[in-house]
Number of protein chains: 2
Amino acid sequence: MTNYTIKDVAKMANVSIATVSLVIHDHKRISPETKHKVQQAIEKLNYHPSRSARGLVSRKTGNVGFILTNDHFLRTEPFYTQIFMGTEFEARDHELYVLLATVDSDFGENASLPRFILDKNIDGMIIAGKVPQRLIDKMRKYDLPIVFVDYLAPDKKNSVVAIDNEEGGFLATQHLIKLGHKNIAFIGGDISHPSLNDRFTGYKNALEKAGISIVSKYIETEEDYPARANGYNAARKLFSANKNITALFACNDAMAIGAMQYLKDSGKRVPDDVSIIGFDDVAAEVMIDTPLSTMRVPKLEMGVEAMKLISEQIKNPGLINQKILVPAELIVRKSTRKI
Amino acid sequence: MTNYTIKDVAKMANVSIATVSLVIHDHKRISPETKHKVQQAIEKLNYHPSRSARGLVSRKTGNVGFILTNDHFLRTEPFYTQIFMGTEFEARDHELYVLLATVDSDFGENASLPRFILDKNIDGMIIAGKVPQRLIDKMRKYDLPIVFVDYLAPDKKNSVVAIDNEEGGFLATQHLIKLGHKNIAFIGGDISHPSLNDRFTGYKNALEKAGISIVSKYIETEEDYPARANGYNAARKLFSANKNITALFACNDAMAIGAMQYLKDSGKRVPDDVSIIGFDDVAAEVMIDTPLSTMRVPKLEMGVEAMKLISEQIKNPGLINQKILVPAELIVRKSTRKI
DNA sequence: CATAATTAGTTAAACGTTTAACTTGGAGCA
DNA sequence: TGCTCCAAGTTAAACGTTTAACTAATTATG
């Protein structure tokens, strides 16, 4: 398990170290025979180039920062966790490493930036989910490539991987309409979040298109964070004030689960009395007897795409302002039914 | 935002680069005045030493790997996530970075090791939670320092940060006994996991000490993973077969929550009909109306300690086989009451 | 046939640190 | 005075890569 260097490989293959380096980078100036000889030696010694030495000459660290707020990281549903795993997975192919950092969701006046930024230990960063504007402003000063996932700073100055939330919201609502529902409610938290707001827009568009009028009593968007408990509360407000709602579109699965719980507690049955559809497809909650219909979001793929974008952008800093929109897919399970 | 080097600092302070380096490492050979002068320059230029250059000469990467299985990473309760955040937090003080990798919980015959091991891009690693023995065997071949957290390979060859689970199980059960309970049940999943088994031992010890006989019908350890759904199932088996149980000690909060849910569904009230205590203190579940009594585990601190251990061990590879036992603390909330 | 162009490699400098070995100017001492 | 010691630096080599510039041998061209 000794650590061999490029010199050892060169010696074994009877070539110069430059040749070894060129083989590694698949340079055309090398003949097939030499290439093969060198690759054999690399294999035999289990040689891996030193990242430090590489970093020193290339002036790159080989690291990418992944930033999210700690409430996102610690939340019950593994939404951003999956995205992270996607970036980590794709990072292999780019010979990059991912450094994860969480920041406080109320990034105070003199909160400090993630260490890898101050230390200059990354070549670029991926920002997942909504983060405080103050953080973004501070980070922009270091001119590192930035890619957003599932959020984009209002000035829209960076590349982004986003869900087609409006289309998704439209499809979810349309699903309920197609099942014959007319009194369709919506619950959402933190409606200032662009993603959630877009889902809401999709909801309204679908109703409008079907000629169903939008009833404000059926809309509950007061809660501040789209978590289970808030779904529970929103459902309580909604159903105690309205008796004729037959279907509910929750802005995400967490709130949908909360709402289901409320309905269960208050003696209503899903989907017999109320149909419910969520969004995200994170509800692998076996405890709930009624599997949730939802809009599936390709979380891993989003991470993969984000890593591709940041990697390109590190190599070519000109490539700014790219946008990737991924579709959400309707998944029909047991929580919605024909009326 | 240019990246200054040690040369720039040296020039500004009118000293050699060696002097700058010595100041950074707080070497005694430097006079207070020179030191001050250099520090000023460092500050003014916002100089940060290049990790690559450092790594090259020190033959260290400055990285530590953090390994857990993906079911641990993706699970609902942020137990290991908190531990991870603890390591990340402490890493600052040691000028280390943490690389997170997940492995499959059934680490197949020819599954590959985390990339940072193959790449030799870490100086040591922290393994969190139970991982497959096959993985451990493979990793041992690379002789890197290893620290376990909340688990220890059966050969006990490495340093470890563990919870005093036996004591914790004892205290939890004793709490129920002190409240006057006699028919105290236990539910656990994956009882082959040393931590859970120790909690079970603590349960038995407490009963024994109080002169209460251990009733095997009150013990349900068939489930394979201590998650909510399995807590629900375990409670179902237990309470449908036994009518006189008045208290329950669940091996962790996840199972406790599942059990509470079952009791709720089957019309029983907590704590009026049954007292429940969990373990871990991860149940920040606002949706549950009855806050759970539990044994608090200092998760962040465990991460901090693990990072301290691995950092020491990287500097001094002789320091093997250290053991840190952290106590669990009884937290009484609303789910347990006097009988 | 002389020369230009191409191919397949090699040489050597550079990247930014750390640190052992060396220097220099006094202070302390007999 | 002459010597040793010490304090406070400096010099220079080394770490393992990448890559521009060079070279030598072969092939193509007029």
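This one's a predicted model, so the numbers in the text were calculated from it and none came from an experiment. The figures that follow rest on heavy atoms only: side chains count, while hydrogens, waters and symmetry mates do not.
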- [ ] Tell me what A/Thr5 touches on the nucleic acid: a base, only sugar-phosphate, or nothing, going by heavy atoms under 4.0 Å.
- [x] sugar-phosphate

TODO: Please work out if A/Thr34 contacts a base, only the sugar-phosphate, or nothing of the nucleic acid, heavy-atom cut-off 4.0 Å.
DONE: sugar-phosphate

Open item on the list: With no hydrogens and no angle check, just 3.5 Å: does a side-chain donor-acceptor pair link A/Asn63 and B/Tyr97?
Closed with: no

TODO: Would you state whether a donor and an acceptor, one from the side chain of B/Arg29 and one from the base of D/dT10, lie under 3.5 Å apart?
DONE: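 Present.
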
Starting from [atom2] on [N], measure out to [atom1] on [X] and report it in whole angstrom.
X: A/Lys35; N: C/dA8; atom1: NZ; atom2: C1'; result: 14 Å
X: B/Glu33; N: D/dA8; atom1: CD; atom2: C1'; result: 10 Å
X: B/Leu22; N: C/dT17; atom1: CG; atom2: C1'; result: 12 Å
X: B/Arg59; N: D/dA13; atom1: CZ; atom2: P; result: 18 Å
X: B/Lys7; N: C/dC15; atom1: NZ; atom2: C1'; result: 9 Å
X: A/Ile17; N: C/dC15; atom1: CD1; atom2: P; result: 16 Å
X: A/Ile30; N: D/dT18; atom1: CD1; atom2: C1'; result: 13 Å
X: A/Lys120; N: C/dG16; atom1: NZ; atom2: C1'; result: 14 Å

- [ ] Considering only NZ, NE, NH1 and NH2 on the basic side and carboxylate oxygens on the acidic side, decide whether A/Lys299 and A/Asp280 come within less than 4.0 Å.
- [x]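 No, no charged N to carboxylate O under 4.0 Å.
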
Task: Separation between CG of A/Leu144 and CE of A/Met139, rounded to the nearest 0.5 Å - done: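 That separation rounds to 9.5 Å.
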
Open item on the list: Between B/Lys28 and B/Leu56, which residue's closest nucleotide on DNA chain D lies nearer the 5′ terminus?
Closed with: B/Lys28

Open item on the list: Has A/Lys138 got a side-chain atom pairing as donor or acceptor with A/Ser112's backbone, closer than 3.5 angstrom?
Closed with: no

Task: Pair B/His193 and B/Tyr151, ring centroids less than 6.0 Å apart - done: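 Centroid separation for B/His193 and B/Tyr151: below 6.0 Å.
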
TODO: Side chain of A/Tyr47 only, please: which of C/dG16, C/dT10, D/dT17 is the nearest?
DONE: D/dT17

Task: Shortest side-chain distance from A/Val15, nucleotide among C/dT18, C/dT10, D/dT18 - done: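 Of all the options, the side chain of A/Val15 is nearest to C/dT10.
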
Task: Of B/Thr19 and A/Ser16, the one whose closest DNA chain C nucleotide lies more 5' - done: A/Ser16

TODO: Begin from the C-alpha positions of A/Tyr4 and A/Tyr47 and carry the test ring pair (Phe, Tyr, Trp, His ring centres under 6.0 Å) through to its verdict.
DONE: CA-CA 6 Å; A/Tyr4 293 107; A/Tyr47 164 73; 8.7 Å; no

If the cut-off is 4.0 Å, is [X] near the phosphate of [N], judged by side-chain N/O to OP1 or OP2?
X: B/Ser21; N: C/dT17; result: no
X: A/Tyr4; N: D/dT17; result: no
X: A/Arg54; N: D/dT18; result: yes
X: B/Ser52; N: C/dC15; result: no
X: B/Arg51; N: C/dG16; result: no
X: B/Ser31; N: D/dG9; result: yes

